[in-house]
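Below is one structure; the comments refer to it alone.
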Amino acid sequence: MALEEEFPSVQFVQIQGDVSRLDDVKKAAETIRNEWGGLDILVNSAGVVSAGLLEDISDDDIADQVNINLTGLIWMTKYCLPLIKESRDAAIINISSGYGYLGMPFYSVYAATKAGVKHFSEAIRRELAEYPVHVMTSFPGATDTDMMKSAVVDSMDSPEEVARATIEGLLDKQIEVVMGGPKREEQIRLNREQPLEMDKKVEEKFEALRKRTEHHRAM
């Protein structure tokens with residue numbers, strides 16, 4: 001593994017599994033306890049996407065997006081919580097998306113799962129208030145990973161940029177890290193305060209969005 005070569009002094013435990021399978025999630029948590037005896041930081045970053053008009057997205061792709069992007073994240077958090085609660089200074093980092101704030105056409109299912117991540121983070125943060133656990137949500141934009149190979153976008157952040165912003169947010173004890181700069185901040189503000197105006201802006205770009213997303217699938 002490349003990380004083992006880059007950080008030879010770090011102890012890595014590789015666990016193969018599928019976060020949408022409950023048995024795999026339980027096995028991962030059990031392995032962490034057996035191998036490490038504890039857990040300080042949990043990063044929930046598994047995700048898939050299948051874009052298109054809702055009636056054109058296969059039932060399997062709908063189920064898999066929900067199960068991997070949201071259900072698996074909740075399961076991982078649930079079964080790692082006993083370890084996290086034992087830590088004196090723990091953190092849970094949930095990776096959402098800019099579409100967790102903005103529901104965009106052709107990404108209805110994906111956006112729903114990422115909005116679910118946002119609200120799950122809020123709820124679990126408040127639920128864990130008596131523990132020294134910092135819960136944070138990261139909202140990256142388009143990121144240059146395998147997940148975006150079939151998408152058509154003007155520009156993307158590098159994985160390193162997203163990781164750096166997320167780590168800096170964690171060190172600053174932020175509860176949300178929203179990437180995309182002033183443009184994304186303005187979109188979120190408009191969507192929250194004047195959603196019908198946001199509808200008009202999206203409608204103007206509808207056909208362009210359709211063409212850009214017609215082959216975007218990473219499952």
*Flag for Thr137-Asn94: side-chain donor and acceptor within less than 3.5 Å*: no
_So, using side-chain hydrogen bond (donor to acceptor under 3.5 Å, both in side chains) as the criterion, who are the partners of Glu122 when residues are at least two apart?_
Lys118
*Under 3.5 Å donor-acceptor, Ser158 side chain and Glu161 backbone*: yes
*With sequence neighbours excluded, residues passing salt bridge (Lys or Arg N to Asp or Glu O under 4.0 Å) with Glu185*: none
*asked:* Between Glu204 and Lys201 (salt bridge meaning N to carboxylate O under 4.0 Å), is one present in this structure?
replied: no
*Where the side chain of Thr143 meets the backbone of Thr145, is there a donor-acceptor pair that is under 3.5 Å apart?*
no
Would you give me the side-chain donor-acceptor pairs under 3.5 Å for residues 52-60, sequence neighbours excluded?
from  : atom 1 : to    : atom 2 : distance (Å)
Ser58 : OG     : Asp61 : N      : 3.0

*Hey, is Glu30 close enough to Lys27 for a salt bridge, meaning N to O under 4.0 Å?*
no
*Looking just at side-chain N and O atoms, do Ser138 and Thr166 make a donor-acceptor pair shorter than 3.5 Å?*
yes
_Arg125 bridged to Glu176 by N-O distance under 4.0 Å_ = no
*Verify, without hydrogens or angle tests, whether Asp157 (side chain) and Pro140 (backbone) share a donor-acceptor contact under 3.5 angstrom.*
no
*On the 0 to 90° scale, with breaks at 30° and 60°, tag the Tyr107-Tyr99 ring pair as parallel, tilted or perpendicular.*
tilted
